[in-house]
**Student:** 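This is the structure I have questions about; it appears just below.
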Amino acid sequence: MTASAEARETALIAAQAAADKLATDVSIVDVSDRLAITDAFVLTSAPNERQVQAIVDAVEERLREHDIKPVRREGVAEGRWVLLDFVDVVVHVQHAEERAYYALERLWKDCPVIPFTDSAAPPAAAAAPAADEPDDDEPTDGTADADLDETDR
């Protein structure tokens, strides 16, 4: 059994809301085969408590626009690991230190990942020049090393 279409859509909306608030390492894990209580986990992290709270607020607001409200919220006061339970989807917003320590991806590594691509992220090809393309600051005529004498090489 895989996550329902509704759960997948909810998870993707939550993941995009988190990404829009600059969440890092956003991933979606389909836990429907392993857990009877939910279909998917959305895992996100942030570098500080304020950012964790901003991500939590954005996820709740975006899902509320789709008439989806959390049935439970845990960890909001501490702001280190906030869990938002939307029944079919559970969103984990973790401080980067908690994310590294608890490593939820490792615990659920046998579960399939639901593909997520941040729609606001630049395409990978446009983000960086190809390896065989010269950098604008680098001479293309091979003179970059010509200015160095033998002791500098």
Side-chain angles (χ1 to χ4, degrees), residues 1-138 140 144:
M1 182 171 95
T2 61
S4 69
E6 183 179 327
R8 294 171 71 88
E9 183 65 25
T10 299
L12 290 167
I13 292 168
Q16 188 58 59
D20 289 347
K21 283 295 179 178
L22 306 180
T24 56
D25 299 325
V26 179
S27 63
I28 306 170
V29 181
D30 182 341
V31 295
S32 59
D33 285 341
R34 304 274 189 229
L35 294 176
I37 59 174
T38 193
D39 283 352
F41 284 166
V42 176
L43 308 174
T44 69
S45 51
N48 58 59
E49 289 86 356
R50 185 176 295 203
Q51 190 69 25
V52 167
Q53 189 58 52
I55 294 166
V56 167
D57 292 345
V59 168
E60 284 187 298
E61 182 180 324
R62 185 81 51 89
L63 289 177
R64 202 170 280 123
E65 292 171 2
H66 295 270
D67 294 323
I68 303 168
K69 297 177 183 164
V71 295
R72 182 179 305 266
R73 301 168 80 221
E74 299 286 339
V76 176
E78 297 84 12
R80 303 283 297 178
W81 182 351
V82 178
L83 183 142
L84 299 172
D85 184 353
F86 295 96
V87 183
D88 290 342
V89 175
V90 176
V91 178
H92 297 266
V93 184
Q94 297 177 296
H95 189 286
E97 293 171 359
E98 271 71 9
R99 180 85 179 257
Y101 182 80
Y102 290 101
L104 294 179
E105 292 92 343
R106 189 180 73 232
L107 292 174
W108 299 101
K109 68 182 175 192
D110 293 339
C111 297
V113 174
I114 296 172
F116 168 71
T117 303
D118 181 0
S119 65
D132 60 343
E133 292 179 16
D135 189 11
D136 290 339
D137 297 335
E138 186 177 306
T140 57

**Student:** Supply the atom-to-atom distance D25 CG to R99 CZ, rounded to the nearest 0.5 angstrom.
**Tutor:**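 Those atoms lie 5.0 Å apart.
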**Student:** Say you draw a straight line from CG of L12 to CD1 of I28; how long is it, rounded to the nearest 0.5 Å?
**Tutor:**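 Between L12 CG and I28 CD1, I get 4.5 Å after rounding to 0.5 Å.
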**Student:** Compare all side-chain heavy atoms of L84 with those of V59 and state whether any distance is below 4.5 angstrom.
**Tutor:**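 Counting from C-beta outward, L84 and V59 do come under 4.5 Å.
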**Student:** Would you say the side chain of R73 lies within less than 4.5 Å of the side chain of E60, judging by non-hydrogen atoms?
**Tutor:**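 They are in side-chain contact.
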**Student:** Using side-chain heavy atoms (C-beta onward) and a distance below 4.5 Å, is L43 in contact with W108?
**Tutor:**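 Not touching, per the 4.5 Å side-chain cut-off.
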**Student:** Side chains of T10 and D88, heavy atoms from C-beta outward: is any pair under 4.5 Å?
**Tutor:**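 No - every pair of side-chain heavy atoms lies 4.5 Å or more apart.
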**Student:** When rounded to the nearest 0.5 angstrom, what is the spacing between CD in E9 and OG in S4?
**Tutor:**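 It comes to 10.5 Å.
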**Student:** Output all residues satisfying ring-ring contact (aromatic ring centres under 6.0 Å, His included) with H95, sequence neighbours left out; order by chain, then residue number.
**Tutor:**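 By the ring-ring contact (aromatic ring centres under 6.0 Å, His included) rule, H95 matches no residue at all.
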**Student:** Would you compute the distance between atom CG of L22 and atom OG1 of T44 and round it to the nearest 0.5 angstrom?
**Tutor:**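 One finds 11.5 Å between CG of L22 and OG1 of T44.
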**Student:** Shortest non-hydrogen contact from F116 to A19?
**Tutor:**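 In terms of heavy atoms, the two residues are closest at CZ-CB, 4.0 Å.
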**Student:** Minimum heavy-atom separation for R8 to D30, with atom names?
**Tutor:**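 Between these two residues, the closest heavy atoms are NH1-OD2, 4.4 Å.
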**Student:** Mind checking whether W81 and L104 have side chains closer than 4.5 Å, heavy atoms only?
**Tutor:**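 Of all side-chain heavy-atom pairs linking L104 with W81, at least one is under 4.5 Å.
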**Student:** So, for A96 and P47, which heavy atoms are closest and what is the spacing to 0.1 Å?
**Tutor:**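 Of all heavy-atom pairs spanning A96 and P47, the closest is CB-CA, 4.5 Å.
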**Student:** Mind checking whether R62 and D20 have side chains closer than 4.5 Å, heavy atoms only?
**Tutor:**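 Heavy-atom side-chain distance check passes, below 4.5 Å.
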**Student:** List the atom of L83, the atom of V90, and the distance in Å for their closest heavy-atom pair.
**Tutor:**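 Heavy atoms only, the tightest pair is CG-CG1, 3.6 Å.
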**Student:** Rounded to the nearest 0.5 Å, what separation is found between the CG atom of D33 and the CG atom of D110?
**Tutor:**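 It is 11.0 Å, given to the nearest 0.5 Å.
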**Student:** Check whether more than 12 heavy atoms from other residues, nucleotides or ligands sit under 6.0 Å from atom CD of E6, and answer yes or no.
**Tutor:**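 Count not over threshold, so no.
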**Student:** Where is the tightest heavy-atom contact between A3 and A7, given as atom of each residue plus distance?
**Tutor:**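 In this case the closest contact between A3 and A7 is CB-CB, 4.4 Å.
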**Student:** A side-chain contact here means heavy atoms from C-beta on lying under 4.5 Å apart; do H92 and V42 qualify?
**Tutor:**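 They are not in side-chain contact.
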**Student:** Ignoring hydrogens and geometry, is there a side-chain-to-backbone donor-acceptor pair from Q51 to K21 under 3.5 Å?
**Tutor:**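 Between the backbone of K21 and the side chain of Q51 there is a qualifying donor-acceptor contact (under 3.5 Å).
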**Student:** If you compare all heavy atoms of S119 against all heavy atoms of Q16, which two are closest, and at what distance to 0.1 Å?
**Tutor:**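 So the minimum-distance heavy-atom pair works out to N-OE1, 3.0 Å.
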**Student:** Hey, are the side chains of V76 and Q53 touching, using non-hydrogen atoms and a 4.5 Å cut-off?
**Tutor:**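 The answer is yes, as the side chains (C-beta and beyond) meet within the 4.5 Å cut-off.
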**Student:** Look up atom CD in E49 and atom CZ in R80, then write down how far apart they are to the nearest 0.5 Å.
**Tutor:**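 Answer for the CD-CZ pair, E49 versus R80, is 4.5 Å.
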